[in-house]
Amino acid sequence: MKSSVLQELDARGLIFQTTHDELDDVLAESKITLYCGFDPTADSLHVGSLMPILGLAHFRRHGHKPLALVGGATGLIGDPSGKSEERNLLDDDAIAHNIAGMGHQMRTILDRALQLHADDIVAATEDIPIVNNADWIKPWSFIDFLRDVGKNFRVNVMLQKDSVKARLEATETGLSYTEFSYMLIQAYDFFHLYESHGCTLQIGGSDQWGNITAGTDLIRRKLGKPAFGLTWPLLLSATGDKFGKTAKGAVWLDPERTSPYEHYQYWVRRDDADVPDLLRKFTFIGLDEIAELEASIERGDNRGDVQRRLAYEVTWLVHGKEEADKAVRASKMLFGEKIEGLTDRDLASVFAEVPSSVIARDRLAAGVNIVDLLTETELQKSKGAARRLVEQGGGYVNNDRVDSIDYMVTLADLTSETKLVLRAGKRAYHVLSVE
């Protein structure tokens, strides 16, 4: 490959299909405008959404001009690609709310992507346009759409698209005409952006191949000009599980839905076998350095350091350096580092699996003996055992060792708005919350 951006995408495993070999020549010889679409199905993106955002970011870092499309119109319909059943339709207010949340996240992450490992970046720093296809789709009449767009497509060809075939073969659900029309609307989006923004490339996941090629075909038929498509592969874990899901559901990019600490921990928990590929796809770390990190895994030298590097990089990208640093500190608190600088929500995330109880504010204000608290919280079975623990240096408040059995725990010991953490020995924790 001649173009720098395709060289990098290929090396990182981010190319599954391209529509034309000429794309490489075009990218090597000029700076182009490209786009990727996002459906506003929620007011937050999730970690699976990072792939398209980083796709746009790579092109931007190599000097090309990306734009993001949010489907204010298509979001009202629902894309059947990669779906096993038709999803619930949203109303205009819900779509507008979701677009506002997604748009802020996209802009923030795309701007941070220019700051990470940025030595060789040639990108301009102007804002990436975020366009809404409702602006040009909604004013159309149904008749106009059928005349100007529908006549350019053959149903027998549309039926051969993987996204359509998969749903038609699902006998219980089938495919509604509403979803069947999605392909035509996305094709027209590409056509519209070609004419209005000079957009010549659409990128997306491999499940979008049929929709993307519908757009390139429409541009060729109506304008007689070339347009291009590029997809990246569907991402699965080494065990074949769908990426971005946990037992609790999706890992959201909104810190109110998934805290930065929980986000950090999601990446820390990735299997050794998955981590090198995730480093290539979800970070901007240089490929030579990734090869060194991969080699440490293959030698058996990795003790979680590579996962922590991955987690820090992605958390920095999504939530910023301050939150990434806080997530690192918080993770160390489970292993004895002083507990401080956390909010109630942060602390609840870090110690989510730890037993907890409530204490009355006036009682704590008056002071409660450490021996009594260790016993009441069942960190120790008796007051005698609690006294011996403290005398032997094994009693802690917020990971600070308690030096005397006469120590009184008070409101001054709260480490967040309403919480403090007791510890007995190396690993037995209890979170105490003021009522």
Side-chain angles (χ1 to χ4, degrees), residues 255 259-269 302-309 311-312 315-316 319 321-435:
S259 73
Y261 174 79
E262 291 169 322
H263 180 271
Y264 177 87
Q265 288 298 319
Y266 171 79
W267 298 96
V268 165
R269 296 187 184 105
N302 181 38
R303 297 296 181 269
D305 293 337
V306 181
Q307 280 89 340
R308 285 189 286 273
R309 179 67 188 282
Y312 182 81
T315 306
W316 199 114
H319 296 293
K321 185 177 187 303
E322 182 178 347
E323 291 295 341
D325 289 340
K326 186 191 290 186
V328 172
R329 292 197 307 272
S331 66
K332 292 178 180 179
M333 291 173 190
L334 281 171
F335 297 92
E337 187 167 298
K338 183 177 175 61
I339 301 170
E340 60 183 353
L342 300 182
T343 65
D344 273 357
R345 192 173 190 280
D346 294 334
L347 196 143
S349 294
V350 175
F351 294 93
E353 307 303 321
V354 169
S356 62
S357 60
V358 174
I359 187 170
R361 175 173 286 274
D362 57 356
R363 184 182 178 210
L364 193 63
V368 184
N369 183 265
I370 183 63
V371 171
D372 292 335
L373 282 183
L374 289 171
T375 308
E376 291 173 16
T377 56
E378 298 184 353
L379 283 171
Q380 294 294 289
K381 293 182 178 179
S382 67
K383 289 187 178 183
R387 289 190 194 94
R388 288 191 294 275
L389 176 76
V390 174
E391 288 170 344
Q392 294 168 6
Y396 298 82
V397 176
N398 302 323
N399 280 343
D400 277 340
R401 180 180 284 114
V402 176
D403 295 327
S404 169
I405 59 173
D406 297 321
Y407 184 84
M408 301 298 286
V409 181
T410 69
L411 291 174
D413 290 298
L414 294 177
T415 192
S416 62
E417 298 94 331
T418 67
K419 300 179 187 297
L420 62 88
V421 181
L422 301 174
R423 186 179 118 212
K426 291 184 177 180
R427 292 288 181 268
Y429 285 94
H430 190 99
V431 176
L432 200 60
S433 298
V434 171
E435 194 169 36

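- The shortest non-hydrogen separation linking Leu389 to Gly425 is CD1-N, 4.0 Å.
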Report the C-alpha distance between Tyr261 and Glu323 in whole Å, list the side-chain angles of each, state the deciding distance to 0.1 Å, and finish with yes or no for side-chain contact (heavy atoms from CB on, under 4.5 Å). CA-CA 8 Å; Tyr261 174 79; Glu323 291 295 341; over 6 Å; no
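- Using a 4.5 Å heavy-atom cutoff, the side chains of Arg329 and Lys326 are in contact.
- Shown here for His430 and Leu379, the closest heavy-atom pair between the two residues is CB-CD1, 3.8 Å.
- Between Thr375 and Ala386 the shortest heavy-atom distance is OG1-CB, 3.8 Å.
- Residues Ser404 and Ile370 share a closest heavy-atom pair of O-CG2, 3.8 Å.
- At a cut-off of 3.5 Å, with distance as the only test, no side-chain donor of Ser349 or Asp346 sits close to an acceptor on the other residue.
- Salt-bridge formation is detected for the pair Lys321/Asp325: a Lys NZ or Arg NE/NH1/NH2 atom is positioned less than 4.0 Å from an Asp or Glu carboxylate oxygen.
- Side-chain atoms of Asp305 do not come within 3.5 Å of backbone N or O of Asn302 as any donor-acceptor pair.
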Go through the steps to decide whether Leu347 and Ile339 satisfy the test side-chain contact (heavy atoms from CB on, under 4.5 Å), and finish with yes or no. CA-CA 9 Å; Leu347 196 143; Ile339 301 170; 4.2 Å; yes
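- Summarising the geometry, atom CZ belonging to Arg423 is positioned 13.0 Å from atom CE belonging to Met333; distances are rounded to the nearest 0.5 Å.
- At a threshold of 4.5 Å between non-hydrogen side-chain atoms, the residues Val268 and Gln265 count as touching.
- The two residues Val397 and Val409 make their nearest non-hydrogen contact at CG2-CG2, 4.2 Å.
- Separation of atoms CG (Leu422) and OG (Ser357) is listed at 8.0 Å; rounding is to 0.5 Å.
- Each of Phe351, Tyr396, Phe335 was checked for a ring pair (Phe, Tyr, Trp, His ring centres under 6.0 Å) with Tyr429, and the lone residue meeting it is Phe351.
- In this structure, the separation between CD on Glu340 and CG on Asn398 is 9.0 Å, given to the nearest 0.5 Å.
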Can you list the steps and then say if Val368 with Arg363 is a side-chain contact (heavy atoms from CB on, under 4.5 Å)? CA-CA 7 Å; Val368 184; Arg363 184 182 178 210; 3.6 Å; yes
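- Atoms CG and CG, on Leu420 and Leu373 in that order, are 7.5 Å from each other to the nearest 0.5 Å.
- For the pair Val350 and Leu334, the tightest heavy-atom approach, listed with the atom from each and the gap, is O-CD1, 3.9 Å.
- Of the inter-residue distances, the one linking Lys338 atom NZ with Asn399 atom CG reads 8.5 Å to the nearest 0.5 angstrom.
- Rounding to the nearest 0.5 Å places CD of Glu417 at 4.0 Å from CG of Asp344.
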